[in-house]
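Take a look at the structure below.
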Amino acid sequence: MEPDEDLGLIADEIYSNGDENTQRHRPIISSEQLDIEAYAALYSGRTKIMRLLFIADRCGNSSMQLEALRMAYDEIKKGENTQLFREVVQKIDGRLGTNYGSDSAWADSVDRRADLRKEKLESELNAYRTNLIKESIRMGYNDFGDFYYAHGQLGEAFKNYVRTRDYCTTAKHIIHMCLNAILVSIEMGQFTHVTSYVSKAEQSQDALDAITVAKLRCAAGLAHLEAKKYKLAARKFLEVGPELGNNYTEVIAPQDVATYGGLCALASFDRAELKSKVIDNINFRNFLELVPEIRELIHDFYTSHYASCLEYLGNLKANLLLDIHLHDHVETLYDQIRSKALIQYTHPFVSVDLNMMANAFKTSVAGLEKELEALITDNQIQARIDSHNKILYARHADQRNATFQKVLQTGKEFDRDVRSMLLRANLLKHDYIARTSRKH
């Protein structure tokens, strides 16, 4: 429970929250269409392409879809994944003109080079195996992993990266293997592997540098997010150090750390944790500066400016639904954040005017009643609703009655224990011992 002076502060904030005359005039960032070019620039490698294709599949806006496909096409041609190239060409379906059509000459050339490269790698690896040189065998499997990853054969890439495990001679080799396995596992959506290899890498504490630690925390955070363990995910993202910078753009951008960590914290932390682990967290504050909307909505939530907080969330929602990792969790996180806001709003009061509360949450009284009914039924709010007068009355526990009941229960238990002890003492006094009969 919060201290009384803190509750008083919350109450003052809440009373002014729904009043248009006293509410803060804070600029709300409008729900603009996602700037695909700026978004894509945050990432590198395969995740950049997959995020662009995800946006193209989900955005429902023709011009936005074509822009994402155009950028994906250009990015794929920098690499060697001809299978993905053909898929993108099929998605474009001639809508971007001849410059973005099927380039058979390029694809055939890449495939020929890939065949030659594969033969060379196989030949080298066989030679290394014959000579039994551990380091060379490790490098050979690693090169095969890189080859398959570049060509989009993630399953084969994972197998080859993991095969290097038997030939690792130092802790740094093991960490390198784990990071490769984590990268491919994230791309495949195999987050149980991610958790496993993060744990394995963390066992080599002496060989971990600050950047690697930050990468592992990001990967663990993504795995918890995927498993809907939002509190654990929040903790991992909040622990990510500033060393991360742009060193893990093949998986995650610093802006994502702020967004994922901030939303998971809002949905799962209590008020004290939100203050100590998020708002007062200097390292995480640096990430929040990259996404001002998330920073502002967290402060709005903490200071009970719910209308402003929910407006930020509403404006961000369309773009968050286009995030490859977050899209499945947006609705759940939003529901949890709103429920926590409703609970926090009612917490300091004996009674609440539903008209004022509905105004603060920018909803109708009828809609608010339904939300509150669900929370009361779920035992998250101890209150009852006066539907006629539109007032919510808090149910405060009768401490006096509860104390009497506890005393009576304790007395009954004491009486039972004393009787048991007297019975046992009498049995021993009269040497009454019950023996079980044995069958011969």
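These numbers come from the heavy atoms of this one structure, side chains and all, not from hydrogens, waters or symmetry mates. For this chain, numbers begin at 1 and follow the sequence in order.
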Distance from [X] atom [atom1] to [Y] atom [atom2], nearest 0.5 Å?
| X | Y | atom1 | atom2 | answer |
| --- | --- | --- | --- | --- |
| I182 | C218 | CD1 | SG | 11.0 Å |
| R295 | F287 | CZ | CZ | 15.5 Å |
| W106 | T82 | CH2 | OG1 | 6.5 Å |
| E296 | Y312 | CD | OH | 4.5 Å |
| S44 | N246 | OG | CG | 9.0 Å |
| H299 | L288 | NE2 | CG | 7.0 Å |

_Cation-aromatic face contact R117/F147, 6.0 Å, 45 degrees_ =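 Not satisfied by the 6.0 Å and 45° rule.
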*Quick one: salt bridge (charged side-chain N to carboxylate O under 4.0 Å, His left out) partners of K412, sequence neighbours excluded?*
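Expected list: none.
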Minimal non-hydrogen separation, [X] against [Y], with atom names:
| X | Y | value |
| --- | --- | --- |
| E243 | A210 | CG-CB, 3.5 Å |
| N281 | L238 | ND2-O, 3.3 Å |
| V291 | A258 | CG2-CB, 4.0 Å |
| L125 | Y141 | CD2-CE2, 3.7 Å |
| A219 | V194 | O-CG1, 3.6 Å |
| P254 | G245 | CG-O, 3.0 Å |

*For the residue pair Q409 and Q405, confirm or rule out a side-chain donor-acceptor distance under 3.5 Å.*
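No - no donor-acceptor pair under 3.5 Å links their side chains.
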_Between D335 and T332, a side-chain donor and acceptor under 3.5 Å_ =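 No, T332 and D335 have no side-chain donor paired with an acceptor closer than 3.5 Å.
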Should [X] and [Y] count as an ion pair when the cut-off is N to O under 4.0 Å?
| X | Y | result |
| --- | --- | --- |
| D323 | R51 | yes |
| E273 | K231 | yes |
| R70 | E67 | yes |
| K91 | D57 | yes |

Main chain of [Y], side chain of [X]: is a donor-acceptor contact present, judged purely on distance under 3.5 Å?
| X | Y | value |
| --- | --- | --- |
| R271 | Y302 | yes |
| Y43 | I49 | no |
| T410 | K406 | yes |
| Y260 | L222 | no |
| S185 | A181 | yes |
| T195 | F191 | yes |

Any side-chain heavy-atom pair from [X] and [Y] closer than 4.5 angstrom?
| X | Y | value |
| --- | --- | --- |
| K118 | F144 | yes |
| Y167 | M139 | no |
| Y197 | N180 | no |
| N315 | E293 | no |
| V257 | F284 | yes |
| L326 | D256 | no |
| R138 | K134 | no |
| V198 | E202 | yes |

_Show, in sequence, the C-alpha distance, side-chain angles and deciding distance for V184 and H193, and conclude whether the side-chain contact (heavy atoms from CB on, under 4.5 Å) test is met._
CA-CA 10 Å; V184 181; H193 289 327; over 6 Å; no
[X], [atom1]: over 12 other non-hydrogen atoms inside 6.0 angstrom:
| X | atom1 | answer |
| --- | --- | --- |
| I282 | CD1 | no |
| Q205 | CD | yes |
| K172 | NZ | no |
| R165 | CZ | no |
| K77 | NZ | yes |

*Test I298 against every option in T303, I279, L263 by the side chain to side chain contact (heavy atoms under 4.5 Å, CB included) rule and name the one that passes.*
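Single side chain to side chain contact (heavy atoms under 4.5 Å, CB included) partner of I298 among T303, I279, L263: I279.
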*Provide the full list of ring pair (Phe, Tyr, Trp, His ring centres under 6.0 Å) pairs with a residue in residues 50-69, sequence neighbours left out, each pair given once.*
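Listed once each, the pairs are F54-H327.
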_Please confirm whether the ring centroid of F85 lies under 6.0 Å from the ring centroid of Y73._
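Ring-ring flag for F85/Y73: true, centres closer than 6.0 Å.
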*Any salt bridge (Lys or Arg N to Asp or Glu O under 4.0 Å) pairs touching residues 213-227, not counting sequence neighbours?*
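Listed once each, the pairs are R217-E239.
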_CA sep, side-chain torsions, deciding dist, call: E250, Y248, side-chain contact (heavy atoms from CB on, under 4.5 Å)_ = CA-CA 5 Å; E250 65 271 27; Y248 210 27; 3.6 Å; yes
*Are S304 and Y306 close enough, and set up right, to give a side-chain contact (heavy atoms from CB on, under 4.5 Å), and what steps lead you there?*
CA-CA 5 Å; S304 306; Y306 300 116; 3.5 Å; yes
_Given K48, which partner from the list E187, E75, E37 fulfils the salt bridge (Lys or Arg N to Asp or Glu O under 4.0 Å) test?_
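For K48, the salt bridge (Lys or Arg N to Asp or Glu O under 4.0 Å) check succeeds only for E75.
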*Test side-chain contact (heavy atoms from CB on, under 4.5 Å) on L69 and Y100 and set out the steps.*
CA-CA 9 Å; L69 289 171; Y100 290 91; over 6 Å; no
